[in-house]
Every structure is written in structure tokens, then in C-alpha cells.
Amino acid sequence: MPNPDFLAIGSIIIDDIVYPDGRTSMGVLGGGGTHAAYGIAFAGEKPGLVGLVGEDLPGDIRARVETDFDCAGLVWTHHPQMRGWQIFEWNGVRNEVFRVEVIEPFMYGPAADCPEVPFKRAAGITLLRAPEHVADWRARFPDAMLLWEPVRVFMLSADHEAFLRGIAHADIVSPNLHEAQTMYGIEDELEIMRRLLADGVKLAALRMGERGSLVARLGESLAHYIPAVEIADIVDQTGAGNTYCGGFLVGICRERDVAAAGCYGAAAASFTLEHVGCARLPADRDAEWERRLQEARRGLRSVLL
Ligand SMILES: Nc1ncnc2c1ncn2[C@@H]1O[C@H](COP(=O)(O)OP(=O)(O)O)[C@@H](O)[C@H]1O
Ligand SMILES: [Mg+2]
């Protein structure tokens, strides 16, 4: 079996969604790793998904991930598949209530040295992990373009020393704005971007929700504001950031340009916003992808750092 060029390493979750009006969507495919893998797929590459899954994963979901991804890097466990209530409020706040007792292995497994993950190389990987895991995955894939998406709970701990240890092993770091504000204790996104680069981030992609993203490369004088691709009816913002990361990774590997990569991220994220849980690969992906990419490119704005 050929080795996929791009890997998404992260969690796979089954969400049981409760809307503010009491409606529900049960058994929806979610999880940061899965969303990032779809980001890679929206950009036109078939990703390998690396994560821990329960042997009781519902059959329809198993069939879906096996169609859309290379699943040789999934590690099957006898623990019940990680599953949680996602309870939405009218203001968009989401409360997560896990429905299984064992969570940790799904958040952080498999380990980088796990022999059950067969992949020998990768052009690019997205890694949704805490900082102590970045060095291990770097050691396993020394030549890969490594995008580190720090997990939210870590960013909110504002442990700057640990953050620096993660940065040292990543090529790209993508926090969201609120998380980065907490980490640095500053509000202004350009100031945060300067701090990220001063801390040694080679390529930074600061995700800013409906305001789009701010991207920059260490050593260059410009930073670039990438607009969000406009979506008429935003159904669910969950996973937009993970999907952005998958798109960005493919963009930087293909185009070698940080602004272009940001546009890939925005285009990829836009698909997620239209769906509850992971978006499906649209039948007209090629055309829709081009349209959304062009829209992001048209709105690009560069500023002096
Ligand atoms: N409310 C929104 N409206 C329009 N675009 C959005 C919205 N939320 C997210 N996006 C798009 O998805 C990208 C990533 O989402 P973001 O909210 O920044 O990350 P996170 O998932 O960490 O909160 C954004 O850069 C933007 O392109
Ligand atoms: Mg958001």
C-alpha cells in the first residue's frame, strides 16, 4: 500500500449534539484529527488518519473514514470509543460532556513510537497535541513539514516555557487568537504575531474565527490577513480551526508561500462551517475548492510587521 503524503494525527470523537432548542443530532463524526484530515482532503489530497479508535466504532462511521482516508494508522482499542454530548447554547457556547470513562488514550494516543502505525515517511503532518509530544513525532518524521496545533487546554494554561519546547520542533504553529491572547497576556494580534516569531515560530498561522487568520513567516517583513471565505448559513463552527490546519499544511507544501497557504486554510475551513460535525467531501470538490481559494486570495491584505 502506498504511503500517504499527508498525515493527520489527533483525536476521533463521536458527538451527540444537543441544540439550544432541544433538537439533537446523534452519532456525528467529529474530533480534531478527523477534522484536520478532512482539511487535507478538501485541498485535494488523501490523508492518512492517525489516532486511537474503539473497536465499537459505529459501522457507518467506520465505512466513511475508510473511504475518505488511509486508515492504516488507526490503532484499535478495546476501550469504548470516545463519545460525548456537545450541548450548544444560543450564543454559540458549546459544553462537552464525555459519555465514556476512558478519555486520555483517545486524546493523546497512539504514542509516536507506536509500532502499529506503519507509516515510514510523510511530506506533511498536522499534530494536535500538547507540547511534550511534538519532539517525539518530529523524531519519527524528521523530514516532514510539521504543523503543530497546540491543544486548547494547554494554551489556556499559559505555560510559556512548555510552549517554547513545542515550538522548537515544529515548522508551523497554529494557535487560535483567544488561546494566544491567554498564552501571551496581550490582546493585539499583530503584537502576538511578533511574539510568536520572536519565540522562534518559523511559520505562524493565527486563527481568528470570523475575522479569518493572520499568517507570517519568520524573517519576512510582511504579515498577511486572510479573510474567512463567506458562508451563507454557518451551521456549526466546531472543527473549523482543525480543518484550516489541514488545508494550510497542503498549501505550504504545494505553494511554498505563507499567504497562499493561509488561503488554503480558509478555503478548507469553509466546508466545515456548512456542516454539523465533519463535512463530507463534496462531489464538485475541484470546482468548489477553486472558487473558495480564489475568494480568499482576492481578500488577502498584507501589512508590515
Ligand atoms: N464564525 C465564522 N465565520 C466565518 N468564518 C469562520 C468562522 N469561524 C471560523 N471561520 C473560518 O475558519 C477558520 C478557522 O476557525 P477559527 O475559529 O479561527 O479556529 P478555532 O476552530 O480554533 O476556533 C477561520 O480562520 C475562518 O476562516
Ligand atoms: Mg472558532
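Atoms within each ligand, like the ligands themselves, are counted from 1 in listed order.
Checked by distance only, ligand 1 and Pro227 stay at 3.5 Å or farther apart across all their nitrogen or oxygen atoms. Checked against a 3.5 angstrom limit, the closest N/O atoms of Asn176 and ligand 1 fall inside it. Checked by distance only, ligand 1 and Arg207 come closer than 3.5 Å through their nitrogen or oxygen atoms. For the pair Met208 and ligand 1, the shortest N or O to N or O distance falls below 3.5 Å.
Residue Gln237 approaches ligand 1 through these ligand atoms, each under 4.0 Å from one of its heavy atoms: 1 (N). Here is the list of ligand 1 atoms found below 4.0 Å of a heavy atom in Ala228: 4 (C), 5 (N), 26 (C), 27 (O).
When only non-hydrogen protein atoms are considered, atom 21 (O) of ligand 1 lies nearest to Gly241 N, 2.8 Å. Of all protein heavy atoms, the one closest to atom 25 (O) of ligand 1 is Gly212 O, 2.9 Å.
For atom 10 (N) of ligand 1, the nearest non-hydrogen atom from the set Pro175, Gly209, Ala269 comes from Gly209. Among Thr243, Asp236, Ile234, the residue whose heavy atom lies closest to atom 3 (N) of ligand 1 is Ile234.
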| request: Evaluate the side-chain hydrogen bond (donor to acceptor under 3.5 Å, both in side chains) criterion for residues Asp159 and Ser157: first the C-alpha distance (whole Å), next the side-chain angles of each, then the deciding distance (0.1 Å), finally the verdict. | output: CA-CA 5 Å; Asp159 182 347; Ser157 76; 5.3 Å; no
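With hydrogens and angles disregarded, no donor-acceptor distance shorter than 3.5 Å links the side chain of Gln81 to the backbone of Val53.
The pair Arg285-Glu288 does not meet the salt-bridge criterion, since no charged nitrogen lies less than 4.0 angstrom from a carboxylate oxygen. Note on Arg194 versus Glu191: salt bridge recorded, some NZ/NE/NH1/NH2 to OD/OE distance being below 4.0 Å.
Remark: aromatic rings of Tyr38 and Phe69 are close, center separation under 6.0 Å. Aromatic pair Phe163/Trp148: ring centres closer than 6.0 Å.
The side chain to side chain donor-acceptor pair (under 3.5 Å) test with Asp15 singles out one residue from Arg83, Gln86, Arg99, Arg94, and that residue is Gln86.
Residue-environment remark: CD (Glu55) exceeds the threshold of 12 foreign heavy atoms within 6.0 Å.
Within the 4.0 Å heavy-atom criterion, the part of Leu273 lying near ligand 1 is the side chain and not the backbone.
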